[in-house]
2 protein chains.
Amino acid sequence: MHPQSPPAESAGTGRRTRIDDDAARERALQAADRLYYSRGIQAVGMDDLRAESGLSLKRLYALFPSKEAIVEEVLHRRHDTWVQGVTSAVQLAHSPRERLLAIYDFLGRWFSDDDFRGCAFINSFGELAGVVPRVAEIVRDHKTDFQRYVAQLVADAGGSADLGPQLVLLAEGAQVTAAIAGTPEAAGHARRAAETLIDADLNVGVRA
Amino acid sequence: MHPQSPPAESAGTGRRTRIDDDAARERALQAADRLYYSRGIQAVGMDDLRAESGLSLKRLYALFPSKEAIVEEVLHRRHDTWVQGVTSAVQLAHSPRERLLAIYDFLGRWFSDDDFRGCAFINSFGELAGVVPRVAEIVRDHKTDFQRYVAQLVADAGGSADLGPQLVLLAEGAQVTAAIAGTPEAAGHARRAAETLIDADLNVGVRA
DNA sequence: TATAGTAGAGAACGTGCGTTCTCGCGTCAA
DNA sequence: TTGACGCGAGAACGCACGTTCTCTACTATA
């Protein structure tokens with residue numbers, strides 16, 4: 001079962017938890033992500049997390065100093081997952097224009113997940129930004145990173161500086177709208193709008 | 001001080017609160033809106049609301065059956081304020097195209113408010129939709145209403161059925177982005193994107 | 001002035017939270 | 001087998017919340 005043998009060499013001091021701690025952290029963070037994403041952060045107590053993760057409260061507090069630390073790490077992991085999902089979807093496309101549009105196809109697949117409940121960063125911002133500045137900061141960093149990424153794709157496609165922020169607005173609006181409506185169609189609307197904006201932008205130089 | 005004289009005609013039963021109740025409700029709801037909007041709903045207790053409104057807890061619970069009822073009424077009033085703000089901004093424009101673009105100018109002015117903290121409905125959805133279905137419903141109704149309104153403006157401008165949802169995505173994305181970034185520039189990006197989408201859509205018939 | 005009724009201040013109540021502590025069991029070295 | 005340790009279960013603690021209740025002071029009439 002365990003891919004790694006227990007560290008028998010640390011004999012003297014009964015320490016034997018290095019690998020188990022990693023697995024426990026993973027379980028805790030996955031459970032926290034599930035719960036926070038589906039119910040919100042404040043509505044999920046540490047006891048809910050204990051039940052969902054199967055870890056004792058003692059273990060949870062040995063692994064993390066506080067609930068807020070768990071929240072921050074969950075958001076950081078969500079960011080990594082998002083970056084990986086977007087970039088891998090984008091990399092499958094074969095032209096700069098297709099790479100930009102791949103973002104909306106990726107969103108469409110995500111919106112169709114049964115447990116899709118919007119962008120965790122937007123949700124966290126609405127819930128906690130007014131009262132936990134660190135969360136506001138993490139959300140801001142996440143969105144700034146996405147804006148930079150899209151700007152780079154736009155530059156690769158030869159688009160103007162205005163196009164990036166416009167395409168980002170479509171992506172953000174689609175996430176919000178799909179979450180609230182409970183349907184994935186916003187991704188299609190965003191994609192078609194993006195096509196129009198991209199083609200208009202790339203043809204400006206041609207037409208003039 | 002008081003613009004209205006006390007209702008001395010209700011002599012028999014010491015009842016004398018009809019008008020005062022209205023004023024008290026107004027104070028309570030304005031205070032609740034301020035607090036919920038700036039800090040989030042769960043982070044604001046009834047005692048905070050008591051301090052901000054200047055009304056006693058007893059009075060608050062005489063006026064409203066529960067905190068959730070206050071939350072719902074605050075959202076309903078926000079909806080009315082939003083509708084009034086958007087429609088009055090739109091009505092000042094002189095052409096169908098300008099009327100659509102007036103939405104983004106209205107957003108830009110709103111984003112520049114010192115206390116702008118995003119769309120209260122999006123924020124409430126992120127915070128409570130997973131745990132208070134009534135809030136999710138009110139938010140959904142609010143967004144559906146806006147989509148219908150924009151669709152009508154698009155129809156008046158002779159636009160196609162796809163244009164409305166696309167313009168809505170820009171507005172939603174701008175609200176989210178302006179809130180998280182803390183800057184109003186998203187309104188300008190949304191406006192320019194909207195111009196492109198509108199012109200492309202209205203010229204399809206011409207070009208074909 | 002005396003009295004009934006009202007409303008505000010805030011204590012009280014029950015609950016649930018984040019966090020820490022206690023207890024008892026199981027595990028392993030000698 | 002013994003004994004010490006480590007861990008999980010969950011009780012305990014302090015606090016804050018939503019809601020209700022109590023007490024006091026004041027207003028208005030006779």
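Naming: A, B, ... by sequence-line order, numbering from 1 per chain.
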Inset, instruction - Go through D/dA11, C/dA11, D/dG18 for me and flag the one nearest to the A/Leu57 side chain. - result: D/dA11

Inset, instruction - May I ask you to say whether A/Arg50 pairs ionically with A/Asp47, meaning some side-chain N is under 4.0 Å from a carboxylate O? - result: yes

Legend entry - Selection from C/dG18, D/dT19, D/dG8 that lies nearest to any side-chain heavy atom of B/Ser66: D/dT19

Inset, instruction - Run the ring-centre check on B/Phe146 versus B/Trp82 and record whether the distance is less than 6.0 Å. - result: yes

Legend entry - Distance in angstrom units between A/Leu60 CG and C/dC17 C1', rounded: 15 Å

Legend entry - B/Gln152 and B/Asp156 side chains, donor-acceptor separation under 3.5 Å: yes

Inset, instruction - Would you mind reading off the distance between B/Phe64 atom CZ and D/dT20 atom C1', rounded to a whole angstrom? - result: 18 Å

Between side-chain atoms of residues 181-197 of chain A and protein atoms elsewhere (two or more places apart, or another chain), which donor-acceptor pairs fall under 3.5 Å?
residue, atom, partner, partner atom, Å
A/Arg191, NE, A/Glu195, OE2, 3.0
A/Arg191, NH1, A/Asp105, OD1, 3.0
A/Arg191, NH1, A/Asp105, OD2, 2.7
A/Arg192, NE, B/Asp162, OD2, 2.8
A/Thr196, OG1, A/Arg192, O, 3.1

Inset, instruction - Return the residues of residues 32-55 of chain A meeting this criterion: a heavy atom under 4.0 Å from some atom of DNA chain C. Order them by number, or give none. - result: A/Val44, A/Gly45, A/Met46

Legend entry - Sidechain N-carboxylate O distance under 4.0 Å for B/Arg134, B/Glu137: yes

Legend entry - Nearest-Å distance for atom pair CG/P, residues A/Leu63 and D/dC7: 11 Å

Legend entry - B/Ala120 versus B/Tyr37, closest heavy-atom pair with distance: CB-CD1, 3.9 Å

Legend entry - Ring-face cation contact, A/Tyr36 with A/Arg78, 6.0 Å cut, 45° max: no

Legend entry - B/Tyr61 side-chain proximity, nearest of C/dT20, D/dT20, C/dG18: D/dT20

Legend entry - Basic-acidic side-chain contact under 4.0 Å: B/Asp145, B/Arg148: yes

Inset, instruction - Please determine if a side-chain N or O atom of B/Arg59 lies less than 4.0 Å away from the OP1 or OP2 oxygen of C/dG8. - result: yes

Inset, instruction - Determine the interplanar angle of the A/Phe116 and A/Phe111 rings, folded into 0 to 90°, and report it as parallel if under 30°, tilted if 30 to 60°, perpendicular if over 60°. - result: tilted

What does the list of N/O pairs under 3.5 Å between the protein and nucleotides 22-24 of chain C look like, with a distance for each?
none

Inset, instruction - Rounded to the nearest angstrom, tell me the gap between atom CD in A/Glu68 and atom P in C/dC17. - result: 18 Å

